[in-house]
Amino acid sequence: MSEQQHKRGVFIVFEGCDRAGKTTQCKQLVNKLNDAGHSAQFMNFPDRTTQCGQLINGYLTRKDDFTDEGIHLMFTLNRWEKMKEMEKLLRSGVHLIVDRYSFSGVAFSAAKGLDMEWCKAPEAGLLKPDLVVLLTLSPEAIAKRGGFGDERYEVAEFQKRVMEKYAMLKDDQYWLEVDADKKFEDLTMDLYKITTDTIHNSESKTLGKLW
């Protein structure tokens, strides 16, 4: 079997505080990759289309309420729901560009006061990304972005605590911090280069598991 047949898709996660531009940049990145001849797909968590995701959506839009522990486990279940599909896509050579993942779940729940190790435990064994890109913005820059404050967690003080938890989770072996406070097109070009470098460096490596 040739080396080419062993190559898999790479798994890149974008994290950061709300309104840092993750979703828009992820979708733009997928378009650029596909235009360049790669096979790439966008995913985001929570996936609000599943049964579990619909409950999460009710919570985030303040229609429903759950305990902090309960909603954390729901977010985790939402990721486990997608694992088989994600692994199949990656093994077939599709690059996954994912908006939020386990690190968001842990950072947001720990920011609410839950024990970080407790938060990490049910995420253990999920697919490990090849790269986590942490998009950062100053609190002032976040507050100026449109739509801020629409959902439950979009409060400046809480977002600051979330970023502190990300700093505790950060693993320099596969995390990269990128300042998102620049022109959209410039940020897209930076992220595209980071992504293509990751594809080159990771497509022959074995898929790993979290923690």
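Positions are given from 1, in the same order as the sequence printed here.
Taken to the nearest 0.5 Å, the CH2 atom of Trp118 stands 4.0 Å off from the CG atom of Leu73. We find the NE2-NZ distance between His200 and Lys7 to be 8.0 Å, quoted to the nearest 0.5 Å. To the nearest 0.5 angstrom, Leu126 atom CG is 8.5 Å from Met86 atom CE. To the nearest 0.5 angstrom, Thr196 atom OG1 is 10.0 Å from His95 atom NE2. Note that the CG atom of Leu29 and the CG atom of Asp99 stand 11.5 Å from one another [nearest 0.5 Å]. The CZ atom of Phe45 sits 6.5 Å away from atom CE of Met43, with the distance rounded to the nearest 0.5 Å.
Linking Ile, Leu, Val, Met, Phe, Trp and Tyr whenever their side-chain heavy atoms come within less than 4.5 Å puts Val98 and Trp175 in one cluster. Taking hydrophobic clusters as Ile, Leu, Val, Met, Phe, Trp and Tyr residues chained together by side-chain heavy-atom distances below 4.5 Å, Leu135 shares a cluster with Leu176. Clustering ILVMFWY residues whenever any of their side-chain heavy atoms sit less than 4.5 angstrom apart, transitively, puts Leu134 in the very cluster that holds Val106. Residues Met83 and Leu77 fall into different hydrophobic clusters, defined by Ile, Leu, Val, Met, Phe, Trp and Tyr side chains chained together at heavy-atom separations under 4.5 Å. Cluster annotation: Val13 is not connected to Leu191 through the hydrophobic network of ILVMFWY side chains, with a link wherever side-chain heavy atoms come within less than 4.5 Å.
Counting only heavy atoms from C-beta outward, the side chains of Lys88 and Val94 never approach each other to under 4.5 Å.
Classification of the Trp211-Phe103 ring pair by plane angle, with boundaries at 30° and 60°, yields perpendicular.
What you find for Met163 and Thr136 is that their closest heavy atoms are CE-CG2, 3.9 Å. Taking every heavy atom of both residues into account, Asp47 and Asn78 meet most closely at N-OD1, 2.7 Å. Closest approach of Cys52 to Met74, counting heavy atoms only: SG-O, 3.1 Å. Residues Leu210 and Leu127 come closest through the heavy atom pair CG-O, 3.9 Å. The minimum heavy-atom distance between Thr49 and Gln54, with the atom names listed, is O-NE2, 3.5 Å. Heavy atoms only, all atoms of each residue included: Cys119 and Leu114 are closest at SG-CB, 3.7 Å.
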The test is side chain to side chain donor-acceptor pair (under 3.5 Å); show your working for Gln28 and Thr188 and say whether it passes.
CA-CA 7 Å; Gln28 184 72 1; Thr188 302; 5.1 Å; no
Criterion side chain to side chain contact (heavy atoms under 4.5 Å, CB included) on Leu187 and Val178, from CA distance to verdict:
CA-CA 9 Å; Leu187 182 57; Val178 176; 3.8 Å; yes
Begin with the C-alpha distance, continue with both residues' side-chain angles, and end with the deciding distance and a verdict on side chain to side chain contact (heavy atoms under 4.5 Å, CB included) for Leu90 and Leu96.
CA-CA 7 Å; Leu90 289 166; Leu96 294 183; 3.8 Å; yes
Stepwise side chain to side chain contact (heavy atoms under 4.5 Å, CB included) check, Val10 with Ile12
CA-CA 6 Å; Val10 302; Ile12 301 179; 4.1 Å; yes
Would you check, one step at a time, whether the test salt bridge (Lys or Arg N to Asp or Glu O under 4.0 Å) holds for Lys82 with Glu85?
CA-CA 5 Å; Lys82 301 290 283 186; Glu85 179 188 347; 3.1 Å; yes
Decide yes or no on side chain to side chain donor-acceptor pair (under 3.5 Å) for Asn34 and Ser39, but give the supporting numbers first.
CA-CA 5 Å; Asn34 286 325; Ser39 182; 5.0 Å; no
Going through the distances and angles, do Tyr174 and Leu131 end up as a side chain to side chain contact (heavy atoms under 4.5 Å, CB included)?
CA-CA 5 Å; Tyr174 68 107; Leu131 177 68; 5.5 Å; no
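Sorted by first and then second residue, the pairs that involve residues 119-133 and meet side chain to side chain donor-acceptor pair (under 3.5 Å), not counting sequence neighbours, are Arg8-Asp130, Thr76-Glu123, Arg79-Glu123, Ser102-Glu123. Applying the salt bridge (charged side-chain N to carboxylate O under 4.0 Å, His left out) test to every pair with at least one member in residues 22-46, sequence neighbours left out, gives no pairs at all.
Looking only at distances, a side-chain donor or acceptor of Trp80 sits under 3.5 Å from a matching main-chain atom of Pro122. Side-chain N or O atoms of Gln25 include one that pairs as donor or acceptor with a backbone N or O of Phe184 at under 3.5 Å. Side-chain atoms of Arg100 come within 3.5 Å of backbone atoms of Gly16 as a donor-acceptor pair (strictly under, hydrogens ignored).
Under 3.5 Å, the side chains of Thr23 and Asn44 contain no donor-acceptor pair of N or O atoms. Side-chain contact of Tyr166 with Ser104: a donor-acceptor pair under 3.5 Å is present, judged by distance alone.
Remark: His72 engages Ser109 in a side chain to side chain donor-acceptor pair (under 3.5 Å) (not counting sequence neighbours).
Taking the six-membered ring wherever Trp is involved, the centroid distance between the rings of Tyr101 and Phe11 falls below 6.0 Å.
Tested against Thr195, the residues Asp197, Thr198, Ile199 include a single side-chain contact (heavy atoms from CB on, under 4.5 Å) partner, Ile199.
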